[in-house]
Each structure stands twice: as C-alpha cells, then as structure tokens.
Number of protein chains: 2
Amino acid sequence: MKTETRKEEIIKTAATLFKEKGYSAVTMRDLATAMGMKAASLYNHISSKQEILKEIIISLAEEFTEGIEVIYNSNSNSLDKLSQIIALHVKITTNNTSGMASLNNDWMHLEDQLAYYLKLRNNYEAIFLSIIKEGISASEIKNLNPETIMFSMLSTLRSLFLWIPKKEALNANDLANNLSAILIQGINK
Amino acid sequence: MKTETRKEEIIKTAATLFKEKGYSAVTMRDLATAMGMKAASLYNHISSKQEILKEIIISLAEEFTEGIEVIYNSNSNSLDKLSQIIALHVKITTNNTSGMASLNNDWMHLEDQLAYYLKLRNNYEAIFLSIIKEGISASEIKNLNPETIMFSMLSTLRSLFLWIPKKEALNANDLANNLSAILIQGINK
DNA sequence: ACACTAAACTAACACTTGTTAGTTTGTTGC
DNA sequence: GCAACAAACTAACAAGTGTTAGTTTAGTGT
C-alpha cells in the first residue's frame, strides 16, 4: 500500500496508449512493450485490463463531481460559476490529458463500473444545467435553450484533451480566461 | 455496379455498431449477426473490415472539404461564412450521425487512407482558420486568438453526432440558428 | 430445362487475445 | 549466509480474430 508507484506507472502508460488508439485496440502486449516487460509481468501489479480502465476513468469522474459541487454551492453569480467550471476542466485536463481521452472515448467499455460512471455523469450534467437555468432566471444569461448552451460549452470542454497538448505555450490560466471570453461573450465584435 | 444496396446496408449497419463500441471493439461476427448472416458471407460484398471504415470516413471527409470550399469562395462576409459552416455541420451530421462518430473517433484506424484523411482535415482547418482571420482583419470578429476560436467552434460542431440523436424534436434549421446565436453572439445578456 | 448469377452457407486457417501457473532473479533486513 | 519479498520471467491455455476456399441455394433471363 506504500510503494504503489509501479502500478501507477502502468496506468499512466496505459492511458497514453489508450489515447492514441483507444482501449480496445491496445493489447496487454503493447502495454508490456511500452513498459519494457512481458505481458504476464503486468499481472504482478494489476488484476486485469478492465481494472486499468476503471482506475483511469472513475477517479477523474469523481474529481469532476466534487469540483462542480463545490462550485454549485458557492455564492458566486451564475456567470462566475460557469467561468469556474471552465477553469475546472482546464485544470483537470492539463494534469491528465491522456486520462481525459479515455474518459471521453472509452467509458462504454467499463463493465462493472459503467452504471456508476453514468450516474456520476448524469449528476454532473444536471448540476451544470441548474446553474445555466438559474442564470437565465436571474437575467444574467440570454434566454436561449439551456440544454443547447450546456451542450455547446461541454463539447468544447470535453475536447480540451485534444487541444491542450498542442498548445503548451498557453498556460492554464490564460487558456481558461480566453475560453471564458469566447464561450460567454461570443466572438461578434 | 447497379444494385450496390447490399454493400451499403452493411456499411450503414457497421457505422451504427462502430458508433456504440468503436471500430476495434466490433467484430465481423458482430456485424454479421446484426445483418442476419454469417461473418464469411459479408465478404461477398466487401473486401475487408478496413474497407468499411474507409467508405464511412473518406466520403464524409470529402463532403466537408467540398462544402467549406464553396463557402470560402462565396462573397458573404466572415460571420455569414461561419454561420454557413455551422449549417454545413448540422446538415451532414443529421444525415449520417453514425458515420460522424466513426469520423471523429476511429480515423486513426484508417491505414492506407490515413495520410489522405489527414490531408483533407488539415486543409479543412486551414480554410476555417482563414475565414476567422479575415473576419478579425475586417473587424467583424473580436481580436481573440483565432486558433482558440476555431477550436471552440469545431469542438461543438464535431460533437453534434452525440447531441442530434437525442433532440430530433429540433429540426436542422432551428438547431443551426440556435448554435449560430450561441457560438457567435455568446450567452452573456 | 438450362446456364448464370447474387448471396448465402460450412469448415477451416493462422494468428492474436487476455490471463494463469509456476519459476527465476535481485535486493533488503537480520 | 539466509529468509523474505517484489517483480521480472517462460510456457501455455482457451477463446476469439479477420479472412479464405469451396459449396449450396434460390431466383432470373433465354
């Protein structure tokens, strides 16, 4: 329980491979080669391929859940809360780009934990939607379809893992600020 | 060369399976079962699993290329061109939701056609970026980072395949108009 | 009736998959 | 020097993979 570092290395390596080819296309032999060992040796550290995916996805999903609940319960106004959500996505994605790829593309290959993951995701979206609706009621946000607003924002935020690695020039703060400007104020001059 | 309808049925069925589980996780036996036949029988109509993926993705990529070139060469102003790009995505995605899932998630499993696909995609993004830059030069668009603007819009448009099937209530025109409003004018009241 | 053809079938192939069992290696604490 | 242990190894497995070869079936035009 102390030196779990080898297991974590495997999970991290797996995440980068999953990002490139997807969970199903990565074999245990691919992963072993990337780790410089034989496939069977992986099983000294992990119990199955499934477990790796679970470790990657569930911890991230829980991180998002905790993050948005704090934001929701703060006493900022709605537009500020949306900016904080943007910053949350930028931060988590910056810290674990590869894991975010699995979260977005391979969640359907969770087996035992699929129901739990979907529960977390539905909960997250429900809170996000509440914030938007409250913003509309408070006349902070334009009276447009709330689901479409959420879809648009969430699409951009969920794609950050594709974008951030190419632009390490931008630091996390600048990116979050840029995105807030675009997503909230629009681009029309 | 006349009745290619059986091949097209296979490709369409494959696309819906690829959308749910991804290209790598769908076996030829899965596809055959969905078609009500045995796996070997598929090969009377298609030459390989690869070919199916190619047919799905390349035709869509070419459709986007043709579409954006027409828009780019029209004499609308830049904001109108962006609205037309939004409408292009909504239209193509509405007509082939499953195929768009493969285009977005499984392009890396193209083998022989991977280079060609990447060429088309880079060309598409270059034109998109030109339109944004021209809009900034013409003072139609705010002077924000053009790449970030494109990334934000494209993320939303590329995720439409996830969204459109859930909202068949909205027709294509309404959705395109809603999205144009949000992406261009912002949500801040 | 007969040849043709589209489209299904059965059987099998060579290879790859995730995983297990049992063994060897190298380091650490006594 | 030896016990203990983490972490690698070899060898093998049963099941599943995409694909091929050859055959059967049923419908169509002559």
Side-chain angles (χ1 to χ4, degrees), chain A residues 1-58 98 102 105-114, chain B residues 1-58 98 102 105-114:
Chain A
M1 200 63 78
K2 186 66 172 301
T3 280
E4 264 201 320
T5 176
R6 205 81 181 106
K7 179 174 181 176
E8 285 165 357
E9 271 183 75
I10 290 173
I11 291 172
K12 196 173 163 186
T13 303
T16 72
L17 296 182
F18 293 168
K19 184 189 178 191
E20 279 161 30
K21 308 172 40 174
Y23 174 76
S24 304
V26 175
T27 71
M28 296 303 275
R29 285 164 182 83
D30 290 338
L31 176 53
T33 301
M35 286 292 298
M37 59 173 72
K38 293 299 169 72
S41 306
L42 294 168
Y43 289 83
N44 285 320
H45 307 282
I46 51 101
S47 67
S48 67
K49 191 186 179 190
Q50 269 294 310
E51 189 206 0
I52 300 176
L53 188 65
K54 180 201 82 186
E55 296 278 340
I56 294 171
I57 293 181
I58 297 295
S98 307
S102 299
N105 298 330
D106 287 317
W107 56 268
M108 71 285 276
H109 300 117
L110 289 171
E111 291 174 4
D112 295 342
Q113 286 80 15
L114 179 56
Chain B
M1 198 63 75
K2 187 64 172 303
T3 280
E4 263 200 324
T5 176
R6 205 81 181 107
K7 178 173 182 177
E8 284 165 358
E9 271 185 74
I10 290 172
I11 291 173
K12 197 173 163 185
T13 303
T16 73
L17 295 182
F18 293 168
K19 184 189 178 189
E20 280 161 30
K21 309 171 42 176
Y23 174 76
S24 304
V26 174
T27 70
M28 294 304 275
R29 285 164 183 81
D30 290 338
L31 176 54
T33 301
M35 286 293 297
M37 58 173 72
K38 293 299 169 70
S41 306
L42 295 168
Y43 290 82
N44 284 320
H45 307 282
I46 51 101
S47 67
S48 67
K49 191 186 179 191
Q50 270 293 310
E51 189 206 359
I52 299 176
L53 188 65
K54 180 201 82 185
E55 295 278 339
I56 293 171
I57 293 181
I58 297 295
S98 307
S102 299
N105 299 329
D106 288 316
W107 57 267
M108 71 286 277
H109 299 116
L110 289 170
E111 290 175 5
D112 295 342
Q113 286 79 16
L114 179 56

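Everything numeric in this text was worked out from a predicted model, so none of it was measured. Here is the naming used below: chain letters follow the sequence lines, and residue numbers restart at 1 for every chain.
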Rounded off to whole Å, could you give me the [atom1]-to-[atom2] distance for the [X] and [N] pair?
{"X": "B/Met35", "N": "C/dA6", "atom1": "CE", "atom2": "P", "result": "17 Å"}
{"X": "A/Tyr43", "N": "C/dT17", "atom1": "OH", "atom2": "P", "result": "12 Å"}
{"X": "A/Leu53", "N": "C/dG18", "atom1": "CG", "atom2": "P", "result": "13 Å"}
{"X": "A/Glu9", "N": "D/dA6", "atom1": "CD", "atom2": "P", "result": "17 Å"}
{"X": "A/Asp30", "N": "C/dT19", "atom1": "CG", "atom2": "C1'", "result": "16 Å"}
{"X": "B/Ile10", "N": "C/dA6", "atom1": "CD1", "atom2": "P", "result": "15 Å"}

Problem set entry | Dot-bracket notation for DNA chain D, counting Watson-Crick and G-U pairs under 3.5 Å, with | for partners on another strand | ||||||||||||||||||||||||||||||

Establish, with yes or no, whether the OP1 or OP2 oxygen of [N] is under 4.0 angstrom from a side-chain nitrogen or oxygen of [X].
{"X": "B/Ser41", "N": "C/dC9", "value": "yes"}
{"X": "A/Lys38", "N": "D/dT10", "value": "yes"}
{"X": "A/His45", "N": "D/dA6", "value": "no"}

Within-4.5 Å side-chain heavy-atom neighbours: [X] and [Y]:
{"X": "B/Glu55", "Y": "B/Ile46", "result": "no"}
{"X": "B/Trp107", "Y": "B/Leu114", "result": "yes"}
{"X": "B/His45", "Y": "B/Met35", "result": "no"}
{"X": "B/Leu31", "Y": "B/Ile52", "result": "yes"}

For this session: Report the C-alpha separation of A/Lys12 and A/Glu9 in whole Å, then their side-chain angles, then the decisive distance to 0.1 Å, and conclude whether the salt bridge (Lys or Arg N to Asp or Glu O under 4.0 Å) test is met.
Result: CA-CA 5 Å; A/Lys12 196 173 163 186; A/Glu9 271 183 75; over 6 Å; no

Exercise. Does A/Met28 or A/Asn44 map to a spot on DNA chain C nearer the 5' end, using the closest nucleotide for each?
Worked result: A/Met28

Exercise. Is a donor on one side and an acceptor on the other found under 3.5 Å between the side chain of A/Gln50 and the backbone of A/His109?
Worked result: yes

Exercise. Can you find an N or O donor on one side and an acceptor on the other, under 3.5 Å apart, linking the side chain of A/Arg29 with the base of C/dG18?
Worked result: yes

For this session: Check the pair B/Met108 / B/Tyr23 against side-chain contact (heavy atoms from CB on, under 4.5 Å), numbers first and verdict last.
Result: CA-CA 10 Å; B/Met108 71 286 277; B/Tyr23 174 76; over 6 Å; no

